[in-house]
Amino acid sequence: WRGSRLRELERFKVERSVGEMAGVDEKDIEMMEERLATEKNSCSLEYIRQLQYDMEKKDVKSDEEYHNMMLTLAVALARSGESMHRKDGIAILKSLRNISKSEADKAETLYFLAQAYFLHGDYVPAGETMEEYLRIRPGDRRGPVMQEVIRRRVNRDAAIGAGVAGGLVVAASVAGIVAMALLRG
């Protein structure tokens with residue numbers, strides 16, 4: 001599994017990032033990273049239950065209203081501390097992406113889906129989703145910043161994974177040498 005994950009990360013790893021090409025400021029990247037760190041686990045179970053209750057009681061009159069309510073719920077679930085809630089949030093966001101009627105709704109859904117993937121630790125789908133977002137909204141300032149944050153996390157994870165793999169090879173080699181020394185003597 002780790003090998004295939006590393007290959008995925010390497011495939012997504014880019015030497016010259018979208019953020020660098022768009023002239024993204026380092027301060028913007030730091031602010032996005034801080035915001036994402038505070039958003040993870042930021043929605044309580046009580047808040048999610050209240051959203052669900054409100055949705056059940058409200059008479060939804062339009063597709064746009066339904067989309068907005070579902071988007072709010074999905075984002076709350078994606079920012080939950082519970083892994084199952086985060087997965088549910090991602091599933092809802094993926095469905096909303098597929099049924100969005102306007103480009104604006106689809107773009108907003110894609111942005112939050114990329115964030116949800118990122119918060120869940122799924123950096124490759126986060127990057128792919130952000131690329132789709134940038135095709136719809138190429139001039140949006142948030143897109144290149146988020147893309148750069150994702151790229152940095154992918155590069156960091158790839159480096160950590162390579163280090164772990166290298167450490168395992170060294171440990172196996174040392175164990176083999178020790179075993180041979182013991183057998184000889």
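Sequential numbering from 1 along the given sequence is applied to the chain's residues.
Of the charged side-chain nitrogens involved, none lies within less than 4.0 Å of a carboxylate oxygen, so that Asp88 and Arg86 do not count as a salt-bridged pair. Here Asp25 does not pair with Lys27 in a salt bridge; the nearest charged N to carboxylate O distance is not below 4.0 Å. Under 4.0 Å is where a charged nitrogen must lie from a carboxylate oxygen, and between Glu65 and Lys58 at least one such pair does. With respect to the salt-bridge test (charged N to carboxylate O, under 4.0 angstrom), the residues Glu148 and Arg151 qualify. No salt bridge links Glu30 with Arg35; every basic N to acidic carboxylate O contact stays at or beyond 4.0 Å. Between Arg49 and Glu56 there is no salt bridge, since none of the side-chain N atoms of the basic residue sits less than 4.0 Å from a carboxylate O of the acidic one.
Put simply, the side chain of Arg97 reaches to within 4.5 Å of the side chain of Glu132, judged on heavy atoms. The shortest distance between side-chain heavy atoms of Glu39 and Val75 does not fall below 4.5 Å. Considering only heavy atoms from C-beta on, Gln52 comes within 4.5 Å of Ile48 through its side chain. For the pair Gln50/Glu46, no side-chain contact is recorded, criterion being any heavy-atom separation below 4.5 Å from C-beta on. You'll find the side chain of Cys43 stays beyond 4.5 Å of the side chain of His85, heavy atoms only. Residues Met130 and Leu110 have side chains not in contact (no heavy-atom distance under 4.5 Å, counting atoms from C-beta outward).
Here the shortest heavy-atom pairing between Asp28 and Val145 reads O-CG1, 3.5 Å. Pairing each heavy atom of Ala107 with each of Ile136, the nearest pair is CB-CG2, 3.8 Å. Residues Ala116 and Ile90 come closest through the heavy atom pair CB-CG1, 3.7 Å. Residue Met32 comes nearest to Val149 through the heavy atom pair CG-CG2, 3.7 Å, listed as atom of the first residue, atom of the second, then distance. Among all heavy-atom pairs drawn from Gln147 and Gly127, the shortest one is OE1-O, 3.7 Å. For the residue pair Leu93 and Ala74, the shortest heavy atom distance occurs at CG-CB, 3.6 Å.
Judged by distance alone, with hydrogens and angles left aside, the side-chain atoms of Ser80 form a donor-acceptor pair with the main-chain N or O of Glu82 at under 3.5 Å. Looking only at distances, a side-chain donor or acceptor of Asn98 sits under 3.5 Å from a matching main-chain atom of Lys94.
A 6.0 Å sphere centred on CD of Glu64 holds no more than 12 heavy atoms belonging to other residues, nucleotides or ligands. Around atom CE of Met55, more than 12 heavy atoms belonging to other residues, nucleotides or ligands sit under 6.0 Å away.
Hydrophobic clustering of Ile, Leu, Val, Met, Phe, Trp and Tyr side chains at less than 4.5 Å, counting indirect connections, unites Tyr47 with Phe112. No continuous path of hydrophobic side-chain contacts links Met31 to Ile150 [ILVMFWY only; heavy atoms under 4.5 Å]. Neither Ile92 nor Leu45 shares a network with the other; the hydrophobic side chains, linked directly or stepwise wherever heavy atoms of I, L, V, M, F, W or Y lie under 4.5 Å apart, form separate groups for each.
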### Stepwise side chain to side chain contact (heavy atoms under 4.5 Å, CB included) check, Ile29 with Arg152
CA-CA 10 Å; Ile29 295 166; Arg152 288 181 181 193; 3.6 Å; yes
### Task
Let me see the working for Arg137 and Lys106 under side chain to side chain contact (heavy atoms under 4.5 Å, CB included), right down to the final yes or no.
CA-CA 10 Å; Arg137 293 247 174 100; Lys106 184 173 185 177; over 6 Å; no
### Check against ring-ring contact (aromatic ring centres under 6.0 Å, His included), Phe118 and Tyr123
CA-CA 5 Å; Phe118 182 88; Tyr123 306 124; 5.3 Å; yes
### Query
So Ser100 and Glu108, side chain to side chain contact (heavy atoms under 4.5 Å, CB included) or not? Walk me through it.
CA-CA 10 Å; Ser100 293; Glu108 204 63 17; over 6 Å; no
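To the nearest 0.5 Å, the span separating OG1 on Thr129 from CE on Met146 amounts to 9.5 Å. Between the CG atom of Asn68 and the CG atom of Leu73 there is a distance of 12.5 Å, given to the nearest 0.5 Å.
Side-chain atoms of Ser62 and His67 include no donor-acceptor pair closer than 3.5 Å. No side-chain donor from either of Asp140 and Tyr111 sits under 3.5 Å from a side-chain acceptor of the other.
The residue from Leu51, Leu96, Val60 that alone fulfils the side-chain contact (heavy atoms from CB on, under 4.5 Å) condition with Met70 is Leu96. Results of the side-chain hydrogen bond (donor to acceptor under 3.5 Å, both in side chains) test with Gln115 over Arg79, Lys40, Arg142 single out Arg79 as the only residue that passes.
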